[in-house]
Each structure stands twice: as C-alpha cells, then as structure tokens.
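The model shown is predicted, which means the values in this text are computed figures rather than measured ones. What's counted below: heavy atoms across the whole structure, side chains too, no hydrogens, waters or symmetry copies.
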Amino acid sequence: MRRLRKWGRMLPRQLSLPEEQPTAADETAMVSPELEANERYLRDVFQDCSDLVYRSVRLKAGSELLVVFVSSLVNEQIIDDHVLKPMLSLATDVPATVDDCADALLTAGTIERTPSMTTLIRKLLDGYAIVLVPAGHNAITVKASGIKQRSLEEPSSEPVIRGPRDGFIENIAVNMGLLRNRLKTSRLKTESFMLGELTQTQVIVVYLSGIVSPALLEEVKTRVKGIRVDGIIDSGYVEEFIEDLPYSPFPQVHSTERPDAVAAELLEGRIAILVDNTPFVLVLPMTLWTGLQASEDYYIRWPIATFVRWIRFLFIFIAIFAPPLYVAVTTFHQEMIPTNLVLSIASSREAVPFPALIEALLMEIIFEALREAGIRLPKQIGQAVSIVGALVIGQAAVQAGIISAPVVIIVSITGIAAFTIPRYSFANGVRLLRFPMLFLAGTLGLYGIVLGFLGILLHLASLRSFGIPYFTPVSFGSLKDILIRSPIWARTTRSLPYERSGKDQ
C-alpha cells in the first residue's frame with residue numbers, strides 16, 4: 001500500500017488533456033431507428049474527415065441499408081466480398097431486424113452488434129465497418145482491418161547466433177498470436193485496457209494463471225488502469241507511469257522484441273504488457289540479474305553460457321570503474337602502478353594541457369556523441385561516422401596533443417564493455433553512472449570511487465520492482481541460475497519468490 005500511495009503522488013505529473021478538445025461523441029448516444037438520424041450524427045462527429053465513406057445499399061426488395069467505414073483503415077476487398085456483394089446478390093427478402101441482416105446476409109467472420117454510438121465510433125477507428133439497419137436499435141460491426149504490417153523478422157536490437165528469428169511487430173494481435181503459439185495453454189490469460197484519451201491505444205496485460213502472484217497481478221492492473229494521459233505512443237510511455245522509482249538510472253521494467261524471451265519470462269511467473277503499435281513488450285518485475293542475462297544463454301551449452309555470464313559480470317565493472325580508476329590513479333595515487341608504466345603515461349601526457357579528469361570527460365562525451373550519431377544516422381552513413389570518429393578524430397586528437405593515448409585506450413575498452421550488457425535500458429544506466437564516478441575520482445581519488453561504489457550498492461539494495469527487491473534472488477539455491485547457468489534439467493524452482501509455491505507446476 002505504501003508503494004501505491006507513493007505511486008499515487010506521482011499522478012499530478014501526468015499530462016492533462018488540451019482545453020480545446022476535438023469533436024467528440026456523446027457518451028450516452030444510442031443508435032436511432034431512423035437511418036438519417038444515425039448518418040447525421042456520424043457526419044457531425046466526423047466532420048472534415050474525408051476518408052470516412054458512407055455507402056448506401058438498396059436491396060432487391062427495396063429496403064435501404066447504410067454501410068460506413070474509414071477507407072484508410074480497412075481492407076476494401078473484405079467489405080466488397082463479405083458485406084456489399086452478399087447484400088446485393090443474396091438478399092431475397094427485406095431484412096426485418098438487425099439479427100436477420102447479420103445472420104442471413106453478412107459472410108464476414110467477426111460480426112458484433114451494439115446499441116452504443118460511442119462503441120460504433122471506436123470500432124470505426126479500429127478498422128471495422130458498421131452496417132446501419134432501419135427500424136433497428138442496434139448496429140452491426142464487421143471486422144475489416146486493412147493496415148499493412150511489416151513481416152516478422154529478427155529483432156535488430158537483440159540478435160542471436162542460435163535461437164528463434166521471429167520478433168514482435170507493431171500489430172498487437174500478431175504479437176499475441178506469437179505468444180499463443182509458444183504457450184499453448186488455457187492458463188495464458190489476458191486483460192485488455194484502452195489507454196490514452198485521444199489515441200485509445202490497446203494495452204494487454206498477459207500472465208500465466210496459477211504461476212503469477214495474485215498480489216503482483218493486482219498491483220500491475222491497478223497501476224495500468226490508473227494511467228491518465230492524452231496519448232500512448234509507445235510502451236515506454238506505460239513504463240514511465242508504472243515503475244516504482246522513476247529517478248533511478250536503473251530500469252525497473254525491461255522491454256524486449258523477442259517472443260521467446262517473453263514466453264520464458266511468463267513461465268518464471270512474470271507479467272508482460274503488450275502495447276499496440278510498438279514491437280517492444282514490457283516484462284516485470286525486473287531484477288539486477290535480468291539485466292545481465294540474454295535469451296541466448298539458454299540455447300547454448302551451459303558451460304559456455306556460464307563463461308559468457310562471468311565475462312559480463314567482469315565487464316560491467318570495467319564499464320563503470322575503468323575511467324574513474326585511471327583518473328584516480330594518475331591524479332592521486334601514482335605509487336600504485338609500476339614505475340615504467342608511470343613514466344610511459346607521463347610521457348604520453350607531457351603535451352596535454354588538461355588534467356586527467358578533463359581528458360576523460362572529453363573522450364567520454366565525444367564517444368557518446370559518436371555513438372548517438374551512429375544510431376540516428378542512416379545505417380550506411382552511421383557506420384562511416386563511427387569509423388571516422390573512432391579512428392580519424394581519435395588519432396588526430398592524440399597527435400594534436402589535446403588528449404593522451406592511454407585515455408583513448410581506456411574509453412575504447414569501456415565502450416566495448418558497455419556493449420556486452422544485453423539489456424539496452426540497463427546498459428544506459430551503467431553508462432550514465434560513469435560520469436558522477438569520474439567526478440568523484442577526480443576530486444577524492446580512490447576514496448571517491450569507494451564512496452560511489454557504496455552509494456550504488458545501497459541504491460541497488462533499496463531498489464524495488466513491483467515489490468520485488470532488485471537483488472532477488474538472494475538464496476544460495478537460486479544462485480545456480482545467476483552465477484552459473486545450470487543445465488535445464490537441473491532447474492526445479494523458479495527464480496522469483498512469490499506467494500504461491502515457486503516449484504514448477
């Protein structure tokens with residue numbers, strides 16, 4: 001409850017709707033038995049919307065129906081084959097009721113009836129066609145979505161040597177199908193929400209019944225339902241609203257494009273949140289070890305996966321502490337390194353006018369700028385910029401006496417170390433910590449590094465992700481999937497300590 005109260009205090013930072021709202025439907029409006037009144041209502045709501053199509057259909061018996069759809073959202077071939085042609089060719093009698101029309105004329109697979117004009121408008125914007133029948137208090141909705149989607153392909157953000165090559169896309173229905181294809185059980189449950197006052201984005205909470213903690217599930221649903229904002233464009237919007245500590249550099253919810261990774265996390269008792277129009281699925285709760293594990297760890301032989309994990313553990317320390325250690329030792333503790341190395345570093349820094357701290361900061365900022373430029377530019381140009389920046393600019397800066405060669409080596413190793421972290425959001429937090437650590441090392445030396453390390457340790461120890469400590473699991477038995485990647489057949493417990501039994505069911 002304390003977490004919920006804290007989260008509730010964060011609500012005022014949510015965006016509010018603009019004062020001047022667009023034309024909206026009356027929430028209480030119902031379908032009228034008069035066809036002209038329904039058409040007039042829709043034209044008022046969708047005024048100045050040129051892609052809304054009104055198609056009157058006169059049946060053989062003389063009765064008139066009205067078909068309405070948004071041409072930019074539907075597949076018109078579906079409407080022609082399953083709505084218009086059956087009406088024009090198969091009707092032998094006047095459809096007296098909505099049920100007669102829906103059961104006897106329409107051949108589409110998904111047909112629903114609704115008396116609410118608000119629901120009709122939402123269906124129109126979801127790619128449905130609606131059929132209005134005179135003398136009826138219901139209207140018929142026909143699913144005819146026609147938005148083009150890209151094909152399934154390997155996620156560029158999480159490539160693997162061995163493992164599935166399919167990834168999530170921007171269509172939430174396709175993403176759910178990818179999960180259903182891997183978890184063929186009725187215990188895979190979903191709960192759908194519509195978030196965003198103007199975008200009306202579909203958000204689906206997915207979990208495995210009987211494995212997930214009921215308290216965790218209830219808290220997740222409470223936080224998701226509490227989101228009040230005018231638009232949800234990406235799952236990153238949802239993530240910022242539901243995480244426990246938004247000011248921490250470490251993510252408390254991780255995202256992935258891989259359906260196999262989400263299926264494995266669901267089997268562990270975690271919860272996934274799918275957001276329409278984005279391929280990134282949120283998985284929670286997150287722990288420190290989640291940020292250091294890749295899905296491919298479980299597809300290769302366990303000794304190799306264990307070795308790779310230890311490499312990651314080593315390089316995460318290098319990613320955070322290598323530049324600060326260089327600055328601290330060269331500035332305050334020269335006696336800690338061999339004499340020959342001290343002389344070599346001193347000779348390389350002889351022409352450099354800046355202290356080691358400024359040197360390291362300059363190189364770190366240049367490296368981050370090159371990395372950002374390489375990502376934002378087109379792929380071919382980005383690679384060229386990275387090569388030019390790393391080789392030409394770095395070499396020129398050393399020859400010009402602006403920075404020394406040891407700093408270039410240290411920053412390069414640090415950059416490589418950060419790239420070994422499989423979770424992108426977690427790696428971003430590690431990169432961010434490097435800068436305060438540099439300031440501490442440049443002002444207090446090794447004492448500053450120790451203080452910074454203790455600060456990071458205390459922060460991680462106090463961090464929670466939906467009530468789960470960030471260091472979870474901490475028991476010795478659970479470490480067999482943390483320090484080592486034990487064989488699949490040796491894993492008899494789940495990694496998260498939930499209220500229900502953690503044993504495989």
Side-chain angles (χ1 to χ4, degrees), residues 1-18 155 157-158 168 170 172 175 191-207 216-258 261-262 265 270-288 290-291 368 372 375-376 421-433 435-436 456 459-460 462-470:
M1 291 302 295
R2 187 171 62 182
R3 290 195 305 277
L4 288 179
R5 286 196 292 272
K6 181 184 71 176
W7 179 74
R9 289 195 297 272
M10 293 155 48
L11 288 180
R13 67 191 174 94
Q14 297 176 354
L15 301 178
S16 59
L17 285 172
S157 62
E158 299 172 86
F168 291 123
E170 287 74 11
I172 195 169
N175 295 343
E191 188 158 343
S192 180
F193 303 91
M194 300 300 289
L195 300 182
E197 299 294 335
L198 300 182
T199 57
Q200 289 292 301
T201 305
Q202 186 180 12
V203 175
I204 300 179
V205 176
V206 185
Y207 58 94
L216 172 65
L217 177 63
E218 191 60 34
E219 183 157 348
V220 170
K221 289 194 289 188
T222 302
R223 295 188 188 191
V224 171
K225 282 190 289 188
I227 296 176
R228 297 286 183 271
V229 69
D230 53 353
I232 298 291
I233 306 300
D234 183 81
S235 56
Y237 283 50
V238 178
E239 177 182 350
E240 291 202 23
F241 276 114
I242 64 175
E243 61 186 354
D244 290 60
L245 191 58
Y247 303 108
S248 172
F250 295 100
Q252 295 116 65
V253 178
H254 77 84
S255 61
T256 177
E257 290 184 85
R258 301 192 63 86
V262 175
E265 300 280 14
R270 289 186 171 85
I271 297 173
I273 299 179
L274 280 68
V275 180
D276 200 11
N277 300 318
T278 176
F280 288 94
V281 172
L282 303 179
V283 181
L284 54 93
M286 180 179 179
T287 64
L288 174 67
T290 309
E368 292 297 329
E372 188 69 15
I375 294 175
R376 305 300 162 208
I421 301 173
R423 304 291 181 188
Y424 178 72
S425 57
F426 191 81
N428 285 340
V430 170
R431 288 165 44 214
L432 188 63
L433 286 176
F435 291 94
I456 295 172
H459 174 69
L460 290 174
S462 63
L463 196 59
R464 297 286 187 276
S465 175
F466 290 82
I468 303 295
Y470 214 59

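One distance of note links OG of Ser465 with CG of Leu288; it measures 12.0 Å at 0.5 Å rounding. Rounding to the nearest 0.5 Å places CD1 of Ile456 at 4.5 Å from CG of Leu433. With rounding to the nearest 0.5 Å, the separation of NE2 in His254 from OG1 in Thr287 is 8.0 Å. Here the CZ atom belonging to Phe168 is positioned 6.0 Å from the CG atom belonging to Leu274, to the nearest 0.5 angstrom. Atom OH in Tyr470 sits 7.5 Å away from atom OG1 in Thr290 (nearest 0.5 Å). With rounding to the nearest 0.5 angstrom, the NZ atom of Lys225 is 6.5 Å from the CD atom of Glu191.
Contacts of Glu158 classified as side chain to side chain donor-acceptor pair (under 3.5 Å), with partners at least two apart in sequence or in another chain: Thr256. Residues that satisfy the side chain to side chain donor-acceptor pair (under 3.5 Å) test with Thr199, not counting sequence neighbours, are Thr201. For Ser248, the side-chain contact (heavy atoms from CB on, under 4.5 Å) criterion is met by Leu245, Phe250, Gln252, His459, Leu463, not counting sequence neighbours. Applying the side chain to side chain donor-acceptor pair (under 3.5 Å) criterion to Ser255, with sequence neighbours excluded, gives no partner residue. When the side chain to side chain donor-acceptor pair (under 3.5 Å) test is applied to Arg423, no partner is found at least two apart in sequence or on another chain. Every side-chain contact (heavy atoms from CB on, under 4.5 Å) that Glu218 has, sequence neighbours left out, goes to Lys221, Thr222.
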**Item:** Trace of the side chain to side chain contact (heavy atoms under 4.5 Å, CB included) decision for Ile273 with Val220
**Value:** CA-CA 9 Å; Ile273 299 179; Val220 170; 4.2 Å; yes
**Request:** List the steps, then state whether side chain to side chain contact (heavy atoms under 4.5 Å, CB included) holds for Arg228 with Glu197.
**Result:** CA-CA 8 Å; Arg228 297 286 183 271; Glu197 299 294 335; 4.2 Å; yes
**Message:** Run Val253 and Val238 through side chain to side chain contact (heavy atoms under 4.5 Å, CB included) and show every step you take.
**Reply:** CA-CA 10 Å; Val253 178; Val238 178; over 6 Å; no
Atom pairs and distances, donor-acceptor, side-chain atoms in residues 275-286, under 3.5 Å, two or more places apart:
{"unit_1": "Asp276", "atom_1": "OD1", "unit_2": "Ile172", "atom_2": "N", "d": "3.3"}
{"unit_1": "Thr278", "atom_1": "OG1", "unit_2": "Asp234", "atom_2": "OD1", "d": "2.7"}
{"unit_1": "Thr278", "atom_1": "OG1", "unit_2": "Phe280", "atom_2": "N", "d": "3.3"}

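Contact detail for Val262 and Ala272: the closest heavy-atom pair is CG1-CB, 3.7 Å. When all heavy atoms of Gly467 and Asp244 are compared, the pair lying nearest together is N-OD2, 4.1 Å.
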